[in-house]
> 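Pasting in a structure now, in structure tokens, and then I'll have a few things to ask.
Here is how names work: the chains are called A, B, and so on, in the same order as the sequence lines, proteins then strands, and each is numbered from 1. Below, all heavy atoms of this structure are taken into account, side chains as well, without hydrogens, waters or symmetry copies. Since the model is a prediction, treat every value here as computed from it, not as a measurement.
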Number of protein chains: 2
Amino acid sequence: MARQGLNREKLIEASISLMEEKGYNAFSMAELAKYVHVNPSSLYNHIESLDMLNTEVGLAAVERMVEAEKQAIAGKSQDEALFAIADAYRDFAKTHIELYRAVMNFQKTQNQVLEKAAGRIVDPILQVLSSYGLSRGDQMHWQRVLRSVMHGFIAHEEAGGFSHFPADRDESYRIAIQCVADGLCAAGRGEK
Amino acid sequence: MARQGLNREKLIEASISLMEEKGYNAFSMAELAKYVHVNPSSLYNHIESLDMLNTEVGLAAVERMVEAEKQAIAGKSQDEALFAIADAYRDFAKTHIELYRAVMNFQKTQNQVLEKAAGRIVDPILQVLSSYGLSRGDQMHWQRVLRSVMHGFIAHEEAGGFSHFPADRDESYRIAIQCVADGLCAAGRGEK
DNA sequence: ACTAAAAACAAATGTCATTCGTTTTTTGTG
DNA sequence: CACAAAAAACGAATGACATTTGTTTTTAGT
């Protein structure tokens with residue numbers, strides 16, 4: 001019954017660790033309580049709900065992913081930056097697959113939180129795209145294209161959807177990103 | 001207590017209807033039991049588990065999606081077929097978003113089931129790609145590229161991840177598919 | 001040392017999925 | 001038509017979960 005010195009931040013930290021360790025789906029209030037040696041009901045002295053905890057973990061994961069991306073693209077531009085951010089994105093998802101799940105499972109209800117996260121996620125991508133000389137409108141479209149390719153690839157890869165054929169997945173990803181690179185170059189030259 | 005004339009097929013059908021009506025997440029044994037006017041425990045006379053039911057619904061959804069795709073590409077080839085299948089894919093996902101979720105939430109554990117579903121999904125896509133004159137290896141890569149773009153786009157769109165900027169989403173999708181089309185043409189001409 | 005806030009607890013509620021044993025209904029055979 | 005066996009329903013129970021409430025313990029500030 002001795003106090004554990006808990007607070008909101010520590011619980012979020014513990015949630016991140018626990019989620020990485022046991023998996024996004026195995027995460028629960030009961031598991032978290034066990035992890036911090038406390039009764040499940042005691043958690044509510046520090047946090048409002050499981051939903052809120054999932055959101056906070058997702059936000060923290062976004063920060064880490066964005067940080068990794070920014071480091072990857074530092075000092076680079078155009079195709080070099082594009083491949084760097086694409087690789088960093090995939091590396092993060094593979095290394096922290098459970099955190100990546102937390103990001104992609106954001107509740108649609110939390111509109112303002114989602115808005116904030118979306119802004120952070122788009123930021124380094126727009127930075128890369130800015131070196132291609134696109135119109136403002138095209139930047140918006142191509143930002144979506146790149147995010148679609150990256151997430152779609154990782155989602156399939158992680159779900160085992162690419163296991164049917166034995167082709168090298170790294171090479172598939174390279175081809176996908178090169179495809180976007182070529183499209184960006186063409187768009188940058190003003191081709192429609 | 002009068003019998004309801006239930007069986008495995010009818011329960012799967014009911015599950016599909018219920019899932020489309022109430023949503024993938026709201027689906028439960030309790031809801032299904034209510035829907036077919038039976039005690040929850042009675043369901044186990046016909047099916048093994050909720051997991052198995054989710055899998056069956058997912059498989060049924062794959063069949064419907066593939067059917068829609070095949071109709072869309074009938075008699076078409078190259079870019080026309082590509083855009084047709086891409087639009088059919090997105091249309092299906094938007095019209096039956098809860099079924100689409102069921103497809104994308106396949107359990108990784110069910111390896112043979114996943115294998116079967118994967119084969120079905122890839123089939124119409126390979127049919128489209130076959131008109132581009134790719135090598136067998138390239139077909140495998142580009143099949144992955146196209147699936148990544150389509151699913152990634154829908155996942156983001158459906159999660160509200162494309163709401164941050166007011167750009168037209170239809171146009172973003174068109175650009176994404178055109179990007180793949182251009183890549184396919186180049187690959188078909190033997191460019192590396 | 002004492003008071004008040006903070007943090008822990010136990011117990012309870014209302015969800016689930018699933019299992020078990022029992023009762024009811026139907027089916028098929030004599 | 002009767003009767004036995006199979007099939008399908010049920011209720012009750014188990015153990016998981018999130019969350020609420022009321023109570024007790026611990027700590028911090030005075």
Side-chain angles (χ1 to χ4, degrees), chain A residues 1-60 98 101-102 105-110 113, chain B residues 1-60 98 101-102 105-110 113:
Chain A
M1 223 176 178
R3 294 198 181 183
Q4 306 301 124
L6 295 181
N7 57 41
R8 189 186 161 95
E9 268 79 41
K10 284 184 182 172
L11 283 182
I12 295 173
E13 273 306 310
S15 299
I16 293 172
S17 301
L18 194 54
M19 228 181 252
E20 292 221 73
E21 195 178 311
K22 299 287 178 72
Y24 179 81
N25 290 315
F27 181 74
S28 69
M29 290 303 238
E31 281 293 323
L32 179 60
K34 211 184 299 172
Y35 190 75
V36 298
H37 308 106
V38 105
N39 194 292
S41 62
S42 304
L43 297 174
Y44 292 86
N45 283 318
H46 308 284
I47 56 161
E48 296 86 60
S49 69
L50 176 60
D51 265 7
M52 165 264 172
L53 213 40
N54 276 320
T55 299
E56 289 298 328
V57 171
L59 284 177
E98 303 298 341
R101 281 204 178 93
N105 278 20
F106 262 128
Q107 313 295 352
K108 266 187 304 212
T109 48
Q110 307 266 27
V113 180
Chain B
M1 223 174 180
R3 295 200 181 181
Q4 306 302 124
L6 296 182
N7 58 40
R8 188 186 160 95
E9 267 79 42
K10 283 184 183 173
L11 282 183
I12 294 172
E13 273 305 311
S15 299
I16 293 173
S17 302
L18 194 55
M19 229 181 251
E20 293 220 73
E21 196 178 312
K22 300 286 178 74
Y24 180 80
N25 290 314
F27 181 75
S28 69
M29 291 302 239
E31 281 293 324
L32 178 60
K34 211 185 298 175
Y35 191 75
V36 296
H37 308 106
V38 104
N39 194 294
S41 61
S42 303
L43 298 173
Y44 293 86
N45 284 318
H46 309 284
I47 56 162
E48 296 85 58
S49 68
L50 175 60
D51 264 8
M52 164 264 173
L53 214 39
N54 276 319
T55 299
E56 289 298 328
V57 172
L59 283 177
E98 303 298 341
R101 281 204 178 92
N105 279 20
F106 263 127
Q107 315 293 353
K108 267 188 303 212
T109 49
Q110 308 266 28
V113 180

> Is the distance from OP1 or OP2 of D/dC10 to the nearest side-chain N or O of B/Ser41 less than 4.0 Å?
no
> Round to the nearest Å and state the distance from B/Leu43 atom CG to C/dT19 atom C1'.
14 Å
> Check whether any side-chain N or O of A/His46 sits under 4.0 Å from OP1 or OP2 of C/dA8, and answer yes or no.
yes
> Please give, in whole Å, the distance from C/dT15 C1' to A/Asp51 CG?
15 Å
> Any salt bridge between B/Glu48 and B/Arg8, counting N to O under 4.0 Å?
yes
> Round to the nearest Å and state the distance from B/Asn39 atom CG to C/dT23 atom P.
16 Å
> Kindly say whether A/Met19 contributes a backbone atom to a donor-acceptor pair with the side chain of A/Glu98 at under 3.5 angstrom?
no
> Among C/dT18, D/dA18, C/dC16, which nucleotide has an atom closest to any side-chain atom of A/Met29?
D/dA18
> D/dT19 P sits how many Å from A/Leu32 CG, rounded?
12 Å
> Counting side-chain heavy atoms from C-beta on, which of D/dC10, C/dA8, C/dT18 comes nearest to B/Val38?
D/dC10
> Does the distance from a Lys or Arg side-chain N to an Asp or Glu carboxylate O, for B/Lys34 and B/Glu31, drop under 4.0 Å?
yes
> Whole Å only: how far is the NZ atom of B/Lys10 from the P atom of D/dA9?
10 Å
> Rounded to whole angstrom units, what separation is found between the CG atom of B/Asn45 and the P atom of C/dT26?
15 Å
> Between P on D/dA8 and CG on B/Leu6, what's the gap in Å once rounded to a whole number?
9 Å
> Assign A/Ser42 to base, sugar-phosphate, or nothing according to its heavy-atom contacts below 4.0 angstrom with the strands shown.
base
> What is the distance from NZ of A/Lys34 to P of C/dC9, rounded to the nearest Å?
15 Å
> Quick one: does any side-chain atom of B/Thr55 pair with a main-chain N or O of B/Asp51 as donor and acceptor, under 3.5 Å?
yes
